[in-house]
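Report on one structure; see the data block that follows.
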Amino acid sequence: MTGLALNCSINKKSLFDRKHYFYADLPAGYQITQQRLPVAVNGTLTYRHQVGAKWNQMLTKCVRIKQVQLEQDSGKSLHDEIRRQTLVDLNRAGVGLMEIVMEPDMSCGEEAAAAVRELQLILQALGTCNANMSEGQMRVDANISVHRPGEPYGVRTEVKNINSARFLAKAIDYEIQRQVDVLENGGTNLNETRAFDYKLGATIPMRDKEGKQDYRFMPEPNLPPLVLYDSNSLPANADPDQIINIDLIRKNQPELPSVIRERLVEQYGILPEQSFILVNEEGLQEYFQTVVRMTNVDPKKIIGWLINDLLGHLRQQNLTIKQSPVSPVALAELLTLLDNGSISSSAAKQVFQELCKGGEKTPAEIIKEKNLGLLKDRMQLEEICQRILNGHQKEVAEIRQGNHKIMNKLIGLVQKATKGRADPVLVKSILEEKVLS
């Protein structure tokens, strides 16, 4: 399933090999892997990453997938620096895992983090891995080298077992700079294994690989080849529970993140960048669709509030969508009141800020309590506008001389006087009538 989702060619026959090396976390002295003929090869992973300060400044890139293979996990080394000893947890040693090998097509930490995040979403959509990095369900090893333009790749280092996309970006960017500094100071980069210390924000050496290691690969004698079939090669009278049919798996593949994004753009008329955020922020797509179901407001307006206001607040407070103090029901009610003209946009922002504080009050109750309902009495508005104009004769003169931008200042003053309760369109109309007539 993962191989197909990553646009790989599936090998109908794949082989198992023994990879020999000696380390405390590998009690057998060898690891079963797929060096010669893995399950899937030659795929691609398309991802997008932010290249500017704004959420809509995004770049689409592609990384080649070399192979997807099955292999054994090793144990886990636990380094105790205080007692200067290493303990080994062998509970996971020998357990099967899926390894996805990418080609060196990325050039900075942010690109790698974006590619890994997209891979996480794909694995979660397929159900082939929960991909929770903090719980060790998905780990990343980053191979990094630097070279001058036109020269071959430099000596690479491997940063092992990184457990978050954020740390991955930091580890890679640190390691790139470290290697550049070594070369610029006349040194030589070593082919070594390093670890990322998130407290220091730096990579530290673990063990050096002493040149090219001879793993003495050999065919695994205890495991026969893994044979897969397609609809054309299915053996007659085969038990469907005993064989893997590639075409059947392809047919039953669930909707992938890229397809979901396209569907959201088509269904709701939102921008591709907005659909990217909807799918990538955990729980945001469901939140958005709940709000859409509960109100007749244009989805394009809803998405604006979600990205600019809700996400902005949550990120500021370091909260997830699930921890949001503003429920989809409350936001739907607020946007309905704004859409039907019960409140102004500035009053809606005030209500939203109140909702962000938590509590049981509904938008309607907050509006009533704080007297934020739209001021619809034209005579009252005309009086307020006249008062503002009387106190700002200089601005009025400038507008009459052709500087119409000053009008926005007067509208702002009226809004301030009405505590954001006036309809800006009506205010503008009254002011223009009084100033320009």
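Fair warning: this is a prediction, and the values are worked out from it, not measured in the lab. Values below: all heavy atoms of this structure, side chains included; hydrogens, waters and symmetry mates excluded.
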Exercise. What's the shortest heavy-atom distance between Thr2 and Leu126, and which atoms?
Worked result: CA-CD1, 3.7 Å
Exercise. Ignoring hydrogens and geometry, is there a side-chain-to-backbone donor-acceptor pair from Arg48 to Thr60 under 3.5 Å?
Worked result: no
Problem set entry | Atom pair CG (Leu306) and CD (Gln285), whose distance is rounded to the nearest 0.5 Å | 12.0 Å
Exercise. Are any of the side-chain heavy atoms of Cys62 and Leu45 separated by less than 4.5 Å?
Worked result: no
Exercise. Asp197 side chain to Lys199 main-chain N or O, any donor-acceptor pair under 3.5 Å?
Worked result: yes
For this session: Give, for atom OG1 of Thr128 and atom CG of Leu123, the distance between the pair rounded to the nearest 0.5 Å.
Result: 4.5 Å
For this session: Evaluate the side chain to side chain contact (heavy atoms under 4.5 Å, CB included) criterion for residues Val427 and Leu381: first the C-alpha distance (whole Å), next the side-chain angles of each, then the deciding distance (0.1 Å), finally the verdict.
Result: CA-CA 7 Å; Val427 169; Leu381 269 178; 4.3 Å; yes
Problem set entry | Contact summary for Ser233 and Lys12, nearest pair of heavy atoms | OG-NZ, 4.2 Å
For this session: Look up atom NZ in Lys409 and atom CG in Asn403, then write down how far apart they are to the nearest 0.5 Å.
Result: 11.0 Å
Problem set entry | Separation of Ile406 CD1 from Gln401 CD (nearest 0.5 Å) | 10.5 Å
For this session: Show your reasoning for whether salt bridge (Lys or Arg N to Asp or Glu O under 4.0 Å) applies to Glu281 and Arg315.
Result: CA-CA 11 Å; Glu281 289 286 339; Arg315 284 174 178 167; 2.5 Å; yes
Problem set entry | Contacts of Glu151 that satisfy salt bridge (charged side-chain N to carboxylate O under 4.0 Å, His left out) - sequence neighbours left out | none
For this session: Please test Leu190 against Val155 for side chain to side chain contact (heavy atoms under 4.5 Å, CB included), starting from the C-alpha separation and ending with a verdict.
Result: CA-CA 7 Å; Leu190 302 174; Val155 175; 5.9 Å; no
Problem set entry | Flag if over 12 foreign heavy atoms under 6.0 Å of CG, Asn296 | no
Exercise. Any donor-acceptor pair under 3.5 Å linking the side chain of Asp17 with the backbone of Gln35?
Worked result: yes
For this session: Test side chain to side chain contact (heavy atoms under 4.5 Å, CB included) on Asn42 and Asn7 and set out the steps.
Result: CA-CA 8 Å; Asn42 302 331; Asn7 309 301; over 6 Å; no
Exercise. Counting only heavy atoms not in Lys349, do more than 12 fall under 6.0 Å of its NZ?
Worked result: yes
Exercise. CH2 of Trp305 to CG of Leu311: how many Å apart, nearest 0.5 Å?
Worked result: 14.0 Å
Seminar exercise, completed: Shortest non-hydrogen pair, Gln34 vs Ser14, comes out as NE2-OG, 3.3 Å
Exercise. Looking only at atom types and distance, does a side-chain atom of Asp247 sit under 3.5 Å from a main-chain N or O of Ser231, one as donor and one as acceptor?
Worked result: yes
Exercise. Should we count CG of Asn318 as having more than 12 external heavy atoms under 6.0 Å?
Worked result: no
For this session: Ignoring hydrogens and angles, state whether a donor on the side chain of Thr336 or Glu333 is under 3.5 Å from an acceptor on the partner side chain.
Result: no
For this session: Please report the shortest heavy-atom distance between Leu372 and Ile343, naming the atom on each side.
Result: O-CG2, 3.6 Å
Exercise. Counting only heavy atoms not in Glu282, do more than 12 sit closer than 6.0 Å to its CD atom?
Worked result: no
Seminar exercise, completed: Here the gap from Glu262 atom CD to Glu255 atom CD, rounded to the nearest 0.5 Å, amounts to 9.5 Å
Problem set entry | Glu266 atom CD, neighbour heavy-atom count above 12 within 6.0 Å | no
Exercise. Can you name the closest pair of heavy atoms from Ile10 and Ala40 and give their distance?
Worked result: CD1-CB, 3.8 Å
For this session: Please indicate whether Leu15 has more than 12 foreign heavy atoms, meaning atoms of other residues, nucleotides or ligands, lying under 6.0 Å from its CG.
Result: yes
Exercise. Does the separation of the ring centres of Phe196 and Tyr174 fall below 6.0 angstrom?
Worked result: no
For this session: Would you mind reporting whether Phe288 and Pro299 have side-chain heavy atoms less than 4.5 Å apart?
Result: yes
Problem set entry | Donor-acceptor under 3.5 Å (Glu71 side chain, Thr33 main chain) | no
For this session: Measure the shortest side-chain to side-chain distance between Leu355 and Pro363 over non-hydrogen atoms and say whether it is less than 4.5 angstrom.
Result: yes
For this session: Flag the pair Ile302 / Thr295 as yes when at least one side-chain heavy-atom distance between them is below 4.5 Å, and no otherwise.
Result: yes
For this session: Using distance alone, with no hydrogens and no angle criterion, decide if Lys434 and Gln386 have a side-chain donor and acceptor under 3.5 Å apart.
Result: yes
For this session: Starting from the C-alpha separation in whole Å, work towards a yes-or-no answer on salt bridge (Lys or Arg N to Asp or Glu O under 4.0 Å) for Arg378 and Glu433.
Result: CA-CA 13 Å; Arg378 189 180 172 99; Glu433 219 175 84; 3.2 Å; yes
For this session: Please lay out, stage by stage, how Gln177 and Asp173 fare under the test side chain to side chain donor-acceptor pair (under 3.5 Å).
Result: CA-CA 6 Å; Gln177 193 55 55; Asp173 289 339; over 6 Å; no
Exercise. How about Asn245 and Arg250: does a side-chain donor come under 3.5 Å of a side-chain acceptor?
Worked result: no
Problem set entry | For the student: nearest non-hydrogen atoms of Leu234 and Ile243, plus distance | CD2-CD1, 3.0 Å
Problem set entry | Main-chain N/O of Ala131 paired to Gln120 side chain as donor or acceptor, under 3.5 Å | yes
Exercise. Looking at residues at least two apart in the chain, or sitting in another chain, which of them share a salt bridge (charged side-chain N to carboxylate O under 4.0 Å, His left out) with Glu111?
Worked result: Lys61
Exercise. Under the 3.5 angstrom rule, does the side chain of Arg139 hit a backbone N or O of Met133 as a donor-acceptor pair?
Worked result: no
Problem set entry | Leu278 and Leu284, any side-chain heavy atoms less than 4.5 Å apart | yes
Exercise. Is there a donor-acceptor pair under 3.5 Å between the side chain of Asn185 and the backbone N or O of Gly187?
Worked result: no
For this session: Check whether any side-chain heavy atom of Lys322 lies under 4.5 Å from a side-chain heavy atom of Tyr287, and answer yes or no.
Result: no
Problem set entry | Any donor-acceptor N/O pair, His313 side chain to Asp309 backbone, under 3.5 Å | no
Compile the donor-acceptor pairs under 3.5 Å between side chains in residues 91-102 and protein atoms, sequence neighbours left out, one pair per line.
from, atom 1, to, atom 2, distance (Å)
Asn91, ND2, Asp89, OD1, 2.8
Arg92, NE, Ser74, O, 3.1
Glu99, OE1, Gln69, NE2, 3.2

Problem set entry | Any donor-acceptor pair under 3.5 Å from Asp141 side chain to Asn161 backbone | yes
Problem set entry | Glu354/Lys361 salt bridge by N-O under 4.0 Å criterion | no
For this session: Please determine, by modelled atom types, if Glu175 and Thr157 share a side-chain donor-acceptor pair under 3.5 angstrom.
Result: yes
Exercise. Any side-chain heavy atom of Met138 within less than 4.5 Å of one from Leu119?
Worked result: yes
For this session: Answer yes if the side chains of Arg194 and Thr203 hold a donor-acceptor pair under 3.5 Å, and no otherwise.
Result: yes
Exercise. Would you say the side chains of Thr44 and Arg64 form a donor-acceptor pair under 3.5 Å?
Worked result: no
Exercise. Taking NZ, NE, NH1 and NH2 as the nitrogens, is one of them in Arg178 or Glu184 under 4.0 Å from a carboxylate oxygen of the other?
Worked result: no
Exercise. Stepwise, does the side chain to side chain contact (heavy atoms under 4.5 Å, CB included) test hold for Phe16 with Gln72?
Worked result: CA-CA 11 Å; Phe16 292 95; Gln72 283 181 310; over 6 Å; no
